[in-house]
Structure formats: structure tokens, C-alpha cells
Amino acid sequence: MNRATALQVGTLARRSIVRTLRQPAMVVPALFFPLLLLAVNAGGLQRATDLPGFPADHYLDFVLAVCFVQGGLFAANSAGTNVANDIETGFLNRLSLTPLRKTALLMGQLAGVLALGLIQAVTFLVVGAIAGEGIHAGVAGALVIVALALLISLGFGSIGAFVALRTGSGEAVQGIFPLMFAALFLSSMALPRNLIETDWFREVATWNPVSYMLEGIRSLVITGWDGEALALGFACAGGVALIALVAAAAALRTQMVRT
Amino acid sequence: MSSSPAIETADLVREFKKGPRAVDGVDIQVAPGEVFGFLGPNGAGKSTTVHMLTTLLPPTSGSARVAGHDVVEEGTRVRAAIGAALQEAALDPFLTGREHMKLQTALHGLPREQRARRGDELLGRVGLTDAADRKVGGYSGGMKRRLDLALALVHGPRILFLDEPTTGLDVQSRSALWAEVQRLASDDGVTVFLTTQYLEEADQLADRIAIIDRGKIVAQGTPDDLKDEIGRPSVEVIPAEPADLARMKSVLARFGESVASPPKAAAVRLSGGDAQLADVVRALDAEGIRVQHLQLHAPTLDDVFLAKTGRHLEGAGDGAAVEDAEPDPVAA
Amino acid sequence: MSRAGGTRDVALAVAWRGAHNYFTNPAIFIPGLLFPLFFFTAFAGGLSRVDSVPGFEFGSNYTAFVYGFVLMQASAFGGVFTGFSIARDFESGFSRRLLLAAPSHGGIVAGYWLTGVMRAVFTICIITVVALAAGMDVQGGGIDLLGLYTLALLVNAAATLFGCGVAMRLRTMQAGPLMQIPVFLLLFLAPVWLPYDLITGWVHAAATVNPMTLILTTERGFVAGDPVHVVITFAVGAALVGAALLWARGGLHSAEQAA
Ligand SMILES: Nc1ncnc2c1ncn2[C@@H]1O[C@H](COP(=O)(O)OP(=O)(O)OP(=O)(O)O)[C@@H](O)[C@H]1O
Ligand SMILES: [Mg+2]
């Protein structure tokens with residue numbers, strides 16, 4: 001990346017972060033809803049740990065991982081909404097008229113997502129560590145969780161950006177939000193896969209990459225270092241991020257048709 | 001280079017998939033340093049033309065050169081030479097005016113030490129120094145337009161595109177913007193391509209104008225030439241006794257074809273020019289028709305539009321393109 | 001035109017427009033429909049094992065247990081999403097025109113209420129079909145079901161009127177979280193996945209004072225055919241509607257001042 005491109009990325013990243021943080025409606029729910037679900041689950045389903053074979057003593061520790069993925073869904077929403085706003089208001093046209101590189105534009109836009117993702121990850125970790133048993137894999141494990149969480153946010157954020165660039169509509173971005181929620185819900189979010197009773201549900205959860213993202217984070221929280229769970233978690237998060245980024249870049253090429 | 005046109009199009013066409021031929025064979029030439037007015041009703045194809053000339057939209061067919069470069073083949077060079085304030089003021093409501101300038105100067109690759117100075121200078125020039133650190137979401141429509149103009153000037157473009165820069169502005173903001181456009185053209189030698197749906201704006205500001213309707217250029221020239229082409233003035237008369245209206249119309253009919261007028265009046269285009277006015281008065285007098293009000297109209301650009309399209313400019317738009325008035329951001 | 005006639009005409013006009021917007025705009029009706037469906041699928045399917053937690057007592061199957069919650073969620077969110085539409089109407093300037101033109105302002109509120117009812121009824125129908133297909137075991141008889149859906153409509157009316165009051169006071173889409181979050185809290189700080197006796201910690205304390213606990217428990221009782229506390233539940237439901245009505249009326253006054 002040459003200096004001019006670096007300057008463009010930095011400038012757009014700063015703008016993206018600033019505009020994200022200046023919208024309380026974007027930041028507050030992104031922290032509030034995952035924490036609410038965490039709290040409700042922790043109290044409401046604590047007794048589920050009584051099921052034979054349940055892997056944790058505290059449901060909170062088990063369910064903490066969900067916050068990070070749910071946070072990623074908000075990343076998708078904020079990235080998508082920001083990009084769609086830029087298209088709807090014509091801001092993208094303004095940017096198109098400068099000597100801006102398309103890759104710089106995409107990277108800059110996603111920087112806001114990563115900033116939000118970092119705030120979320122740290123908040124969830126702190127809350128989880130205080131309210132639960134702590135992170136089993138220690139400080140290093142916590143750092144790995146942050147890294148995985150950012151990768152998850154990047155992936156979901158790129159999906160949001162892709163939809164926005166493809167359709168140019170904020171409503172369409174809102175429209176995919178439920179679909180991504182389905183991906184979260186149809187996973188091993190509430191119970192370990194081996195305790196899911198309904199066959200088709202267990203099957204779906206086994207194919208769902210979100211299950212492995214959750215299980216990667218969860219392994220660090222409740223069991224310590226588990227190479228296989230981590231490898232699967234990073235592979236799934238990285239795979240989603242890669243595919244979504246490529247798709248978003250392709251959509252940007254058609255959306256920004258300047259000659 | 002200065003001898004070649006700043007903007008030149010040949011049979012420029014743009015079709016939208018599910019839409020009309022928004023731009024349908026446009027040929028225009030704009031000389032360097034000229035203020036060129038692009039006049040047309042809603043939906044005429046003004047913005048579509050601007051988008052093609054600024055490389056934001058590829059033409060369906062035809063060609064265009066801006067600053068000597070082909071808009072399709074040499075987009076990067078075209079963009080380096082132009083600045084544009086598009087119809088939607090395209091600002092980020094969550095950033096301040098100064099932050100917008102920072103963003104724009106950095107993206108244009110101005111050296112670090114020049115960025116702040118250039119930004120402040122332009123903000124000052126458009127009168128936004130006091131509002132520079134307020135978020136754009138709280139700006140009025142006029143302030144947004146002025147910031148948009150300042151942003152378009154960051155890299156010192158030789159050609160400036162302004163898409164309906166004064167729509168929705170009050171009289172004061174409008175004349176301030178006109179003054180700035182005139183200053184840019186006369187002092188800095190900037191070529192200005194300005195679209196508008198206001199006759200007065202085209203008349204006052206533009207050295208030359210083109211009138212576009214339904215994607216086609218219907219007239220092109222200096223405002224005076226175009227009016228001269230229409231040539232003859234019209235006379236509008238209101239009789240003192242409304243009962244005389246019909247009789248008066250038949251008298252007036254001797255002097256030329258009748259044209260649109262308010263219900264209580266009658267008007268004709270004088271086939272013999274201004275000199276016929278005295279004859280008209282004498283003829284009415286001879287018929288014993290007393291006159292309450294008589295007025296000679298020099299031709300306007302609206303007459304030009306009427307002559308070329310059979311419609312008046314006001315209300316000639318496609319309706320679909322009419323936007324709601326911009327909501328007041330402060331009250332919201 | 002009589003005053004009553006004016007109110008009815010305005011209400012019907014507003015409701016017709018609401019229905020039209022709702023059914024012709026997938027970006028609006030799909031999220032409202034999908035969220036309760038996902039909830040239902042995720043928990044009736046993925047969490048069914050928790051009915052073998054020691055102490056879980058319910059007169060019907062877990063699918064029916066989850067249905068009780070999702071029914072309430074659909075009713076409440078039909079109302080909240082209607083609040084979003086009202087806020088959107090204020091942003092677009094439509095409501096200002098409506099306030100200036102309509103002979104009866106009470107009719108405007110009534111019209112929005114009808115819109116909320118329509119949305120909730122539509123969602124509830126679909127969820128009910130899905131739940132029956134998924135093997136929900138309904139023990140309650142005709143009277144029980146009448147009670148069940150009447151209670152759902154009370155929740156829906158309270159949520160719509162609450163959203164209406166917020167939307168008319170703030171008159172911007174930014175108010176979305178302010179409508180959503182309180183309703184979310186009420187819905188989730190309740191016995192969502194396990195019966196009241198099995199939830200622990202501060203969520204248990206919150207559920208104890210949350211009126212939704214009573215409503216939810218009675219709704220589940222109707223499904224299982226052995227409702228308890230019916231009279232007091234309906235009294236609480238009616239009180240919620242009454243309070244929300246006062247709140248909406250205040251909102252209307254505030255909007256009238258601004259129009
Ligand atoms: N992206 C698009 N897809 C389809 N049709 C379009 C698109 N953009 C413009 N049009 C159509 O092309 C025609 C010309 O539009 P254009 O925006 O160029 O008009 P305009 O002269 O700028 O009007 P206004 O004064 O309202 O800004 C209109 O009929 C419009 O509906
Ligand atoms: Mg236009």
C-alpha cells in the first residue's frame with residue numbers, strides 16, 4: 001500500500017469511526033442488546049446447567065460467547081447503514097470524484113465497524129469476567145477472543161456493506177438483519193450441540209459456521225486452550241469475512257461505475 | 001489547450017433500463033472561462049448530463065470531452081480537472097464543516113501543511129467560518145450549498161459543475177451564490193457549467209445557455225441571441241369594461257397571433273415588432289374601447305421555451321421528479 | 001359531519017394506509033414477522049431439552065411453552081413497529097399534514113392502533129400455524145383460547161399506544177430504540193425459557209415485579225388449559241392499556257403543539 005492510499009484509508013477510517021461513535025442510536029443498542037440477552041440468559045437458564053452433560057457450571061460463562069457474535073450482527077447493521085446512507089445521500093458520488101482508490105474506500109468504511117467491534121469486545125469481556133467465573137485461558141485467551149471477535153465483526157460488517165452496495169438501500173440492510181439473526185439462533189447458541197434434542201435443529205447447527213465461531217470463543221472461556229475449537233472458529237470467521245469482502249468489493253465495482 | 005472547448009459533447013445519449021431516454025442526443029460546446037447555463041424543467045435530463053460529464057455515469061452512446069479528455073477513456077484526468085457540487089448536497093450530517101474540508105483535502109492528496117490552510121480559506125470565502133465546527137446536520141439548506149461549493153473548489157478545478165445550486169435557497173443566499181460564481185469565472189477564469197430550472201438565473205448568470213427538454217437540446221446560444229430569435233415582443237391589454245373583452249380580442253387579432261394571457265386580458269405577439277404599439281393603441285381608440293392597462297412584453301427565455309416546446313417552463317416538469325421541500329433540520 | 005363519524009373516517013383512513021404500507025413493503029413486514037418466527041424455531045427446536053430440568057412443571061409440551069412467549073412478543077412488537085411507522089410519518093412530514101387536515105385527532109391514534117392490531121393478528125396467525133405444524137399441544141378449550149387472544153390484543157394495544165406516545169413526542173426515527181428497549185426489557189425480564197420458579201439471580205427479582213410475568217404465565221395457562229389468576233391478569237392488562245392511552249394522549253398534545 002503506497003503512501004497516498006494509506007492516507008486515503010486513514011482519512012476514511014477516521015471519518016467512519018467518528019460518524020459511528022457520534023450516533024448513539026448505533027452504539028447504544030450494539031452494547032445494550034447483547035448485554036441484556038446475556039443477563040436474561042444467565043438468570044433465566046442457569047438451571048439448564050443441571051442437565052446431564054452440560055459443560056459449564058455457570059450458564060453465563062457458557063452463553064458469554066453469544067455476545068460477540070450478536071455484536072457482529074450489529075456491526076453488519078452499522079456498516080450497511082453507513083454505506084447505504086452514503087449511497088442514498090450521494091456522498092459516494094462526492095468520494096468518487098476524488099482520486100480515491102476503491103479498496104481504500106472499502107477498508108476505510110469497515111474501520112468504523114472494527115472500532116465498534118473493539119468497544120463491544122472489551123465491554124463484553126469485562127462484564128463476563130466480573131459477573132462470571134473469569135476467562136479460563138487467561139489474559140492471552142482474552143486477547144485471542146478480541147481478535148476472533150474483530151474477525152467476526154469484519155465478516156458480518158462486510159456482509160452489511162455488500163448488501164448496501166448491491167442494493168443502495170438502507171431498508172434492504174435492515175431487511176437482512178433478521179436473516180443474520182436466524183444464523184445466530186439456529187446454532188449451538190443456547191445449548192451445546194450434543195444436548196440439542198430436535199434432530200433437524202442439531203443438523204442445521206452442525207452445518208452453521210456460527211456454531212463454530214461460538215464454540216471457539218466458548219472454549220477459551222470455559223475450558224482453556226482447545227486447538228481444534230480455535231482453528232474451526234478462526235477458519236469459519238475468516239472464511240465468512242473473506243467471502244463477504246470479495247463480494248463487497250465486487251459490488252463496489254458496480255456501484256461506483258465512474259469511468 | 002485554451003483554444004479547445006472546455007466541454008464538448010457529440011450525440012450524447014443515456015438510457016435507463018426501466019426509464020426513458022433521459023438524455024437523447026445532446027450536442028453542446030462550452031468555451032473556457034464561460035459560465036454556461038443548462039436550463040430545463042424537472043426531469044429534463046440535466047442531472048443525468050452532469051453525471052455523465054463528471055464521469056459518474058457512463059453514456060449509453062455518443063461521446064463527451066471535458067478539459068480536453070474523453071470522459072469514458074480518461075476518467076481520472078477529467079476528475080483531476082473538475083469540481084462538482086451535485087444536486088443532492090451529499091454531506092455527512094454527523095461531521096462538521098471543518099471535518100468535511102479535512103476529508104476532502106486529504107482525499108485530493110493535498111500536502112499535510114496545506115490542508116488546514118486551504119480548508120479555512122475556502123470556509124471563509126463561502127462565509128462558513130463561524131459555523132465550521134458545527135455538525136452539518138444542523139446547517140440550513142443555504143449553508144449546505146455553500147459548504148458543497150467550498151468542497152468542490154478544494155483542488156482548484158478549472159471546470160466547475162453546479163447542479164441546481166440555488167434550488168430551495170432564499171433570495172439572499174441565492175444572490176450571494178451568484179456573486180461567488182461570477183467571481184470564480186471572472187477572477188479565477190473557472191469554466192462554470194450550471195444547471196437550473198430558473199429562467200432568471202440562466203438569464204443573469206450565464207454567458208451562454210442551452211435549453212433541454214425531455215432529453216433533447218431545444219435551443220443553444222447567448223440569452224440575447226435566443227430572445228432575438230423569438231424576436232417579436234407581445235402586448236397585453238386589459239379593457240376598462242370587461243364586456244369589451246371579446247371585441248378587443250378581434251381588434252388585437254389584426255396585429256398578430258394571440259398568446260397566453262390572464263383571463264381578464266388579451267395578448268398578441270406583434271408581427272411587426274415594437275413599432276406596431278402605436279397602431280394598436282390607435283385601433284383600439286377607433287373602436288371606442290377604453291383601456292385600463294396596456295403592457296409591452298419583451299421576449300423572455302420562457303417565450304423561447306414556449307416557442308420551442310409549446311409549453312411554459314414553469315410546471316413543464318415530469319412531476320415525478322418534484323422533490324418535497326427540504327425539512328428544516330433544526331426543528332426536527 | 002358528526003364528531004363520531006369524523007373519528008371513524010379518520011381512523012379507517014389512517015388504518016387503511018398503515019395496512020397498505022405494511023403489506024406492500026416487504027422491508028417493513030418481513031422483519032416483524034421473522035423475529036418471532038426465529039425465536040419460536042430457535043427455542044422450541046433448540047432448547048426443548050430444558051423441559052427435563054428438574055422442577056420444570058407445565059401442563060403441555062415445550063413447544064406450547066415457547067408459543068406463549070412468542071405470542072406475546074408478536075403482539076408487543078406489532079405495536080412497537082407501528083410506533084416506528086408513526087415516527088417515520090413524522091419525519092416525512094406526512095403526520096403534520098394529517099394533523100392539519102384531519103377533523104379528529106383521536107381518530108389518528110385509533111387508526112394507528114388498528115394498524116398495530118392488523119400487524120399483530122397477521123403475525124400471530126402465521127406463528128400459530130407454524131406452532132401447530134411443529135406439534136404444539138393445545139390443552140385449552142374455546143374459552144381459554146378467547147382469553148389467550150384477548151390478552152394478546154391488550155398487550156398489543158398497550159405497546160402500540162406506548163410507541164405512539166414516544167413517536168409523537170420525539171417525531172424522529174432516532175427514537176426507535178426508546179420505543180424498543182423498554183418493551184424488550186419488559187418482555188425478557190420475565191420467565192421466557194423456564195417457569196418463574198426456575199429462574200435465578202436478579203432476573204428472578206426483576207420478573208417478580210414485572211407485570212409481564214403475570215400475563216405470560218396466564219397466557220401459558222390458557223394454552224395448557226389451567227389458567228390461574230385470570231381476573232387479576234386482565235385487570236393488569238387493562239391498566240397497562242389505560243396508562244398507555246394517557247401516555248399517547250400526552251404525545252398527541254405535544255405533536256399538536258408542534259404541528
Ligand atoms: N437511475 C435512474 N434510473 C431510471 N431513471 C432515471 C434515473 N435517473 C434519472 N432517471 C430519469 O431520467 C430522467 C431525467 O432525470 P434527471 O435527473 O436527469 O432530470 P433533471 O433535469 O435533473 O430533473 P430535476 O430538475 O428534477 O433535477 C427522468 O425522467 C428520471 O426519472
Ligand atoms: Mg436534477
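In what follows, every chain begins at residue 1, and chains take the letters A, B, ... in the order their sequences are listed.
- Contacts of A/Phe185 with chain C are made by both backbone and side-chain atoms, with heavy-atom separations under 4.5 Å.
- Both the sub-6.0 Å distance and the 45° axial angle are satisfied by C/Arg220 relative to the ring of C/Phe65.
- Contacts between residues 35-63 of chain A and chain C, defined by a heavy-atom separation under 4.5 Å, are made by A/Leu36, A/Leu37, A/Ala39, A/Val40, A/Asn41, A/Ala42, A/Gly43, A/Gly44, A/Leu45, A/Gln46, A/Arg47, A/Ala48, A/Asp50, A/Leu51.
- Using a 4.5 Å cut-off between heavy atoms, C/Phe39 contacts chain A through both its backbone and its side chain.
- Residues C/Asp89 and C/Arg17 are paired through a salt bridge, judged by an N-O separation under 4.0 Å between the basic side chain and the carboxylate.
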Apply the test ring pair (Phe, Tyr, Trp, His ring centres under 6.0 Å) to residues C/Phe77 and C/Phe184: give CA-CA distance (whole Å), side-chain angles for both, the deciding distance (0.1 Å), then the verdict. CA-CA 9 Å; C/Phe77 273 77; C/Phe184 238 89; 5.5 Å; yes
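- Residue contact with chain A, scored on non-hydrogen atoms closer than 4.5 Å, involves the backbone and the side chain of C/Leu47 alike.
- For the pair C/Leu151 and C/Leu71, the minimum side-chain heavy-atom distance is 4.5 Å or more.
- Residue with the most contacts toward chain C among A/Ala182, A/Ser187, A/Ala190: A/Ala182 (heavy-atom pairs, distance under 4.5 Å).
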Check against salt bridge (Lys or Arg N to Asp or Glu O under 4.0 Å), A/Glu197 and A/Arg202: CA-CA 7 Å; A/Glu197 220 171 29; A/Arg202 192 173 52 246; over 6 Å; no
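- Not counting sequence neighbours, the partners of C/Phe35 by the ring-ring contact (aromatic ring centres under 6.0 Å, His included) test are A/Phe181.
- For the pair A/Phe156/A/Val113, no side-chain contact is recorded, criterion being any heavy-atom separation below 4.5 Å from C-beta on.
- With chain A as the partner, the residue from C/Val50, C/Leu198, C/Leu34 showing the most heavy-atom pairs under 4.5 Å is C/Leu198.
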Would you please test C/Phe43 and C/Phe69 for ring pair (Phe, Tyr, Trp, His ring centres under 6.0 Å) and show each step? CA-CA 10 Å; C/Phe43 297 112; C/Phe69 174 76; 8.2 Å; no
